Amino acid sequence: MTEAIEQFFATLPARAPQVLRAPLTGTLRIDLADDGRTEHWVLRMRPGAVDVDQGPAEADAIWYSSVDLFDRLVTGRAHALAALFRNESTFSGRVTLFLAFRRFFPPAPDTRDPREVAREKVRRAR
């Protein structure tokens, strides 16, 4: 497991109030594979809160990813939906849990809010 992944999971409870605002409750298990072994992370999500645990457990949804891909996701170098569409990872269960969870991932390092770009253009035009 990479240090970036460990830090990512450690910060989830503190970040949950800003990220998990929808009335969504459920358990998401993330299975991370590396060199023939799989590490399980279990997230129990509810509005404004998430509990993080490790180990195999029953879940409403399961997301399977390689450690390498997940490291790229937590550092903003990859996008979760794109990874699913390219079959780099798999998902089963309640898709709303995945859609809510992906909001924890950071944007790409050079990404800018399009509203801010538009404001800068207006300022320059004046």
Side-chain angles (χ1 to χ4, degrees):
M1 197 63 43
T2 68
E3 185 177 326
I5 293 174
E6 297 273 344
Q7 288 178 344
F8 174 78
F9 282 115
T11 65
L12 293 183
R15 295 173 49 217
Q18 293 88 22
V19 175
L20 298 177
R21 295 176 185 220
L24 177 72
T25 302
T27 304
L28 171 64
R29 189 177 80 212
I30 301 170
D31 294 346
L32 301 178
D34 188 28
D35 290 331
R37 67 181 182 88
T38 303
E39 192 165 322
H40 308 280
W41 291 86
V42 180
L43 310 174
R44 290 173 185 82
M45 298 187 290
R46 59 193 180 283
V50 63
D51 297 320
V52 179
D53 201 0
Q54 284 190 277
E58 292 293 318
D60 301 311
I62 300 171
W63 183 17
Y64 180 83
S65 171
S66 69
V67 168
D68 177 58
L69 171 62
F70 206 78
D71 184 71
R72 288 184 286 133
L73 290 167
V74 302
T75 56
R77 296 176 291 138
H79 298 280
L81 278 177
L84 279 175
F85 290 146
R86 287 191 305 264
N87 289 324
E88 293 177 337
S89 65
T90 59
F91 181 83
S92 64
R94 290 182 44 208
V95 73
T96 54
L97 294 172
F98 171 78
L99 295 174
F101 175 73
R102 73 187 175 110
R103 296 182 61 217
F104 281 105
F105 292 126
D110 58 349
T111 302
R112 296 182 54 202
D113 186 329
R115 293 170 292 193
E116 186 57 36
V117 172
R119 286 183 199 113
E120 286 177 14
K121 287 181 180 180
V122 168
R123 277 184 239 139
R124 278 185 262 153
R126 290 182 184 173

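Everything numeric in this text was worked out from a predicted model, so none of it was measured. Numbering starts at 1 and runs along the sequence shown.
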J.: Taking R15 for the side chain and F104 for the main chain, is one N or O donor matched with an acceptor at less than 3.5 Å?
T.: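 Indeed, once roles are kept as given, a pair shorter than 3.5 Å links the two residues.
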J.: Please report the C-alpha distance between L73 and F8 in whole Å, then the side-chain angles of each, then the deciding distance to 0.1 Å, and finally whether the side chain to side chain contact (heavy atoms under 4.5 Å, CB included) criterion is met.
T.: CA-CA 10 Å; L73 290 167; F8 174 78; over 6 Å; no
J.: Within the 4.5 Å heavy-atom criterion, are T25 and P47 side-chain neighbours or not?
T.: yes
J.: Supply the atom-to-atom distance S89 OG to D31 CG, rounded to the nearest 0.5 angstrom.
T.: 11.5 Å
J.: For E116 and R123: C-alpha separation, side-chain torsions, deciding distance, then whether salt bridge (Lys or Arg N to Asp or Glu O under 4.0 Å) applies.
T.: CA-CA 11 Å; E116 186 57 36; R123 277 184 239 139; 3.2 Å; yes
J.: Step through the shown structure and confirm whether more than 12 heavy atoms of other residues, nucleotides or ligands are within 6.0 Å of CD on Q18.
T.: yes
J.: In terms of ring plane angle, is the pair F70 and W63 parallel, tilted or perpendicular, where the classes change at 30° and 60°?
T.: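 Plane angle over 60°, so perpendicular.
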J.: Is there a chain of hydrophobic side chains (I, L, V, M, F, W, Y, each step under 4.5 Å between heavy atoms) that links V95 to F105?
T.: yes
J.: Between CZ of F98 and OG of S92, what distance do you get to the nearest 0.5 Å?
T.: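 Interatomic distance, F98 CZ to S92 OG, rounded to 0.5 Å: 12.0 Å.
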J.: What do the steps show when you test L97 against L24 for side chain to side chain contact (heavy atoms under 4.5 Å, CB included), and what is the final call?
T.: CA-CA 8 Å; L97 294 172; L24 177 72; 3.9 Å; yes
J.: Do the charged groups of R29 and D60 touch, with an N to O distance under 4.0 Å?
T.: no
J.: Find out whether T2 and E6 are in side-chain contact, i.e. whether some heavy atom of one side chain is under 4.5 Å from a heavy atom of the other.
T.: no
J.: Could you see if W41 belongs to whatever hydrophobic cluster contains I62? Use Ile, Leu, Val, Met, Phe, Trp, Tyr and a side-chain cutoff under 4.5 Å.
T.: no
J.: Between L20 and A49, what is the shortest heavy-atom contact and its length?
T.: CD1-O, 3.4 Å
J.: Would L43 and L81 show up in the same hydrophobic cluster when neighbours are defined by side-chain heavy atoms closer than 4.5 Å?
T.: yes
J.: With the 4.5 Å side-chain cut-off for hydrophobic clustering, are V52 and L28 part of the same group?
T.: yes
J.: Taking all atoms of both residues into account, what is the closest heavy-atom pair of R77 and D71, and its distance?
T.: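 Nearest heavy atoms, R77 then D71: NH2-OD2, 2.8 Å.
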J.: So which heavy atom on I5 is nearest to which on V67, and how close?
T.: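 Scanning both residues completely, I find the closest heavy atoms to be CD1-O, 3.7 Å.
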J.: To the nearest 0.5 Å, what is the distance between CZ on R86 and CG on L84?
T.: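 Rounded to the nearest 0.5 Å, the CZ-CG separation comes out at 9.5 Å.
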J.: Checking the side chain of R44 only, and the main-chain atoms of T27 only, is there a donor and an acceptor separated by less than 3.5 Å?
T.: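 Absent.
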J.: After noting the C-alpha distance and the side-chain angles of F101 and V19, does the key distance pass the side chain to side chain contact (heavy atoms under 4.5 Å, CB included) rule?
T.: CA-CA 8 Å; F101 175 73; V19 175; over 6 Å; no
J.: Q54 and E39: side chain to side chain contact (heavy atoms under 4.5 Å, CB included), yes or no, with the steps?
T.: CA-CA 8 Å; Q54 284 190 277; E39 192 165 322; 2.6 Å; yes
J.: Let me check something: do I30 and L69 share a hydrophobic cluster, defined by ILVMFWY side-chain heavy atoms less than 4.5 Å apart, either directly or through other members?
T.: yes
J.: Between R21 and G48 (side chain of the first, backbone of the second, donor and acceptor by atom type, cut-off under 3.5 Å), is there such a pair?
T.: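 A pair under 3.5 Å: no.
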J.: CZ of R124: more than 12 outside heavy atoms within 6.0 angstrom?
T.: yes
J.: What are the two closest heavy atoms between A14 and P17, and how far apart are they?
T.: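 Looking at all heavy atoms of both residues, the closest pair is O-CD, 3.4 Å.
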J.: How close do S66 and L32 get, heavy atom to heavy atom, and via which atoms?
T.: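 The pair with the smallest heavy-atom distance is O-CD2, 4.3 Å.
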